[in-house]
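Heads up: the structure comes next, in structure tokens.
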There are 2 protein chains.
Amino acid sequence: MGNTPPVGRKVTLSDIAAGCDVSRATVSLVLRGSPLVNKHTRARVEEELRRQGYVYNRAAANLRRRTSSSIALVLNDLANPFFAEFAAGVDEILGDTGFVTLLGSTGESTERELAVLGSLMEHGPAGIILSPAEGSDAQRILSAVGSQIPLLLFNREVSGDLAACDHWDRLFLDNQRGARLATEHLIAQGHTRIAFYGGHLGSSSCRQRRAGYTEAMQSAGLSADANVMVECVPNRLDAVAQCEQLFKGKSAPTAAVCYNDAVALGLMLGLHQRGLQPGTDFALTGFDDIAEAAVSAPPLTTLAVTPRDRGRQAAELILERVRDPSPPPRQTIAPVHLLVRDSSCPPHA
Amino acid sequence: MGNTPPVGRKVTLSDIAAGCDVSRATVSLVLRGSPLVNKHTRARVEEELRRQGYVYNRAAANLRRRTSSSIALVLNDLANPFFAEFAAGVDEILGDTGFVTLLGSTGESTERELAVLGSLMEHGPAGIILSPAEGSDAQRILSAVGSQIPLLLFNREVSGDLAACDHWDRLFLDNQRGARLATEHLIAQGHTRIAFYGGHLGSSSCRQRRAGYTEAMQSAGLSADANVMVECVPNRLDAVAQCEQLFKGKSAPTAAVCYNDAVALGLMLGLHQRGLQPGTDFALTGFDDIAEAAVSAPPLTTLAVTPRDRGRQAAELILERVRDPSPPPRQTIAPVHLLVRDSSCPPHA
DNA sequence: CCTCGCTTTTGGAACGATCCAAATGTACCC
DNA sequence: GGGTACATTTGGATCGTTCCAAAAGCGAGG
């Protein structure tokens with residue numbers, strides 16, 4: 001039979017060519033399924049590919065063709081189930097399309113974000129999906145990735161000079177409408193003193209959610225001046241800690257619209273510690289619909305954002321842009337919907 | 001001033017060389033921080049790199065050097081917080097080491113697993129971290145990745161001919177010991193009729209956890225024959241549905257060691273539906289210590305597996321292997337520790 | 001036998017980096 | 001001035017693929 005596959009070294013297209021007495025060019029045509037090659041030749045080559053256990057070197061091909069077959073996915077917090085679902089959705093679509101996902105997790109650090117972006121850029125991705133770390137600066141990101149590469153900003157706006165990056169596409173959640181829905185729901189339940197609890201004013205999503213909250217309060221003629229707004233780090237721990245802020249004023253609120261589910265769950269714990277029963281003595285809503293929201297005690301009324309769908313959508317948006325960079329940049333606002341559970345009770349008698 | 005950077009095309013090392021009148025070789029040396037170059041030259045070149053906005057093409061370098069700077073991370077379920085944390089840990093270490101993570105999510109489908117592995121292989125990763133889908137076959141995986149590439153099997157054993165893949169490294173949790181600890185804890189609480197609830201016998205981790213459970217029961221002299229073992233899909237939904245299986249026999253158990261946290265949380269719901277209060281009328285334990293375990297009602301006694309640390313460890317193991325393939329394959333068993341919370345009460349009077 | 005048209009195959013130059021052996025420059029000493 | 005040692009720079013081949021223009025093969029028709 002023919003020669004044996006090379007040892008140690010990877011099998012290349014030249015090995016195959018040599019193995020069945022055709023030129024490299026012909027083997028290349030076979031690999032790409034070109035109709036030019038004679039079917040006998042094709043069969044012989046394919047047999048040899050199998051025999052030697054050839055694996056395609058896409059990096060070499062990409063180099064020659066000046067193309068890329070990867071998309072970078074840079075997330076501020078992979079460990080957060082919301083982003084994990086999102087990543088799964090992205091990878092699902094990219095995988096189906098023959099792209100590979102280059103993952104980067106920044107752990108909410110802007111410095112690491114720049115480092116990660118720089119490192120990923122060296123691998124020449126066709127595009128980037130970026131959920132920026134809190135406080136990310138437009139200019140610095142731009143100088144890390146250059147102005148050539150398609151970038152889809154997900155979930156958060158960056159700060160700084162937005163004109164510099166107005167060629168980026170954007171995919172955001174409808175934060176404002178979501179918070180408005182939640183607030184309107186609590187108002188409909190009969191609450192009049194409703195707080196907005198948690199999140200950082202530094203983050204665009206927090207500002208948007210606050211805006212939705214304020215909008216609903218004003219429409220209902222509830223004095224915005226008296227509204228309590230408490231800032232906290234958007235995790236469970238700080239949400240527990242800041243609970244007392246809610247009850248400092250003379251007339252304490254009877255309900256709270258929370259920045260997200262983690263904060264809401266933390267607040268539940270804090271309420272318990274004050275002897276209040278969430279869902280009975282105090283109403284609250286979350287945002288995200290993380291898995292825990294359905295099983296907390298009481299189950300949490302929240303806004304479903306279907307992160308996996310958003311991931312699929314993000315992948316599709318960036319692929320579109322990669323395939324055709326010419327259309328003007330697009331901002332997409334994904335709808336969210338209110339999921340009423342038991343935590344948003346009417347005010348306690 | 002010098003020439004302007006090229007338009008449309010990416011800046012290459014040759015552009016830099018031309019831009020400051022040195023050879024490509026010199027620029028290459030500068031890029032790699034070689035001590036050979038004169039510091040004047042270095043300064044000039046570095047200035048030019050900045051001026052033209054050069055980005056290193058690692059794919060080209062890897063091609064020439066026959067090296068790789070990526071590691072493939074293939075997970076059976078990215079959306080699961082356990083694996084999301086794990087992935088974050090992996091990416092953290094890889095990022096620090098200059099490697100990039102090629103992500104692949106298989107959604108627990110063996111077919112997709114093979115497709116994903118094939119696609120990732122074309123990008124020539126230096127190694128693979130694989131948490132196999134349930135029912136993955138050793139031979140088929142081997143033929144997808146070849147026998148040259150370092151592979152670290154995480155979390156689960158594969159089925160089929162293990163001799164074929166005895167060169168793989170392995171990182172598993174100490175499932176057996178974990179389940180034994182949980183069972184012993186319930187026994188110490190005074191329970192004698194304890195069930196093992198959930199999981200599939202098809203999965204190696206389930207078999208190991210059952211073994212730990214059985215071991216503890218036997219050591220305590222509790223009749224293993226009477227032991228109830230219920231199989232179910234390891235998610236919340238099916239765990240709710242199979243709850244009644246526990247109470248079919250004449251003497252129902254008063255406690256259950258659950259396959260994992262998701263199952264335990266599902267079982268809690270199921271118990272509620274039967275009018276039983278988990279943590280009061282019925283004791284149960286989980287496995288994994290997912291975020292929800294701490295905030296469920298009651299908080300769940302479970303086994304902490306610190307998935308982020310496991311991710312870091314996995315990354316370190318595969319990097320070691322990539323750097324030196326010669327040492328014999330290694331199997332690592334990561335410790336787990338019991339976290340006692342309120343769900344594992346003594347038997348109800 | 002030659003020419004034409006069609007299918008099929010092919011050599012060699014890319015892609016953007018690195019490697020290597022050899023060339024060049026510079027300083028110092030006899 | 002020539003030789004030696006050392007520091008610095010360099011051309012050209014190479015990695016594994018694709019592109020391109022041109023060559024080869026082949027049957028039919030005159």
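Order of the sequence lines fixes the chain letters, A, B, ..., with proteins taken first and strands second; residue numbering starts at 1 for each chain.
- Distance N57(A) CG to dG16(C) C1': 14 Å, rounded to the nearest Å.
- Taking the ring centroids of F172(A) and F154(A), they lie at or beyond the 6.0 Å cut-off.
- Judged purely by atom type and a 3.5 angstrom limit, S68(A) uses its side chain to pair as donor or acceptor with the backbone of G124(A).
- Distances shown here put every side-chain N or O of S28(B) at or beyond 4.0 Å from the OP1 or OP2 atom of dC19(C).
- Between the CG atom of N62(A) and the P atom of dG16(D) there is a distance of 16 Å, given to the nearest Å.
- No hydrogens or angles considered: nothing links the side chains of S105(B) and D91(A) as a donor-acceptor pair under 3.5 Å.
- Taking the side chain of N38(B) as heavy atoms from C-beta on, and the options dT17(D), dT8(D), dC15(D), the nearest nucleotide is dT8(D).
- The separation between L63(B) atom CG and dA14(C) atom C1' is 13 Å, rounded to whole Å.
- Side-chain contact, S23(A) with T26(A): a donor N or O sits under 3.5 Å from an acceptor N or O.
- In this entry the distance linking CG of L36(A) with P of dC6(C) reads 15 Å, nearest Å.
- A donor-acceptor distance shorter than 3.5 angstrom exists from the side chain of D169(B) to the backbone of R330(B), with no hydrogens or angles considered.
- Closest to the side chain of T12(B), out of dT9(D), dT17(D), dG16(C), is dG16(C).
- For A25(B), the side-chain atoms get nearest to dC20(C) when compared with the rest of dC20(C), dG16(C), dT9(C).
- At whole-Å resolution of the value, CD in E122(A) and C1' in dA17(C) are 12 Å apart.
- Taking atom CZ on R24(B) and atom C1' on dT8(D), their separation rounds to 18 Å, with Å as the unit.
- Considering only side-chain atoms of L29(B), the nucleotide from dT9(C), dT10(D), dT18(C) that sits closest is dT10(D).
- R64(A) has its CZ atom 7 Å from the P atom of dC15(C), to the nearest Å.
- Taking only side-chain nitrogens and oxygens, T41(A) comes nearer than 4.0 Å to OP1 or OP2 of dT9(C).
- The R65(B) side chain lies nearest to dC19(C) when the options are dC19(C), dT8(D), dA17(C).
- When rounded to the nearest whole Å, the span between CZ of R32(B) and P of dC20(C) equals 10 Å.
- Of the residues near DNA chain D, P35(B) and S14(A), the one whose nearest nucleotide (by heavy atom distance) lies more toward the 5' end is P35(B).
- Listed nucleotides dC15(D), dT8(D), dG11(C) differ in distance to S23(A); the shortest reach to its side chain belongs to dG11(C).
- DNA chain C is contacted by both V22(A) and Y54(B); V22(A) maps to the nucleotide lying nearer its 5′ end (nearest heavy atom per residue).
- Between dT9(D) and T26(B), no contact under 4.0 Å exists linking OP1 or OP2 to a side-chain N or O.
- Using a 4.0 Å heavy-atom distance criterion, A61(B) is classed as a sugar-phosphate-only contact.
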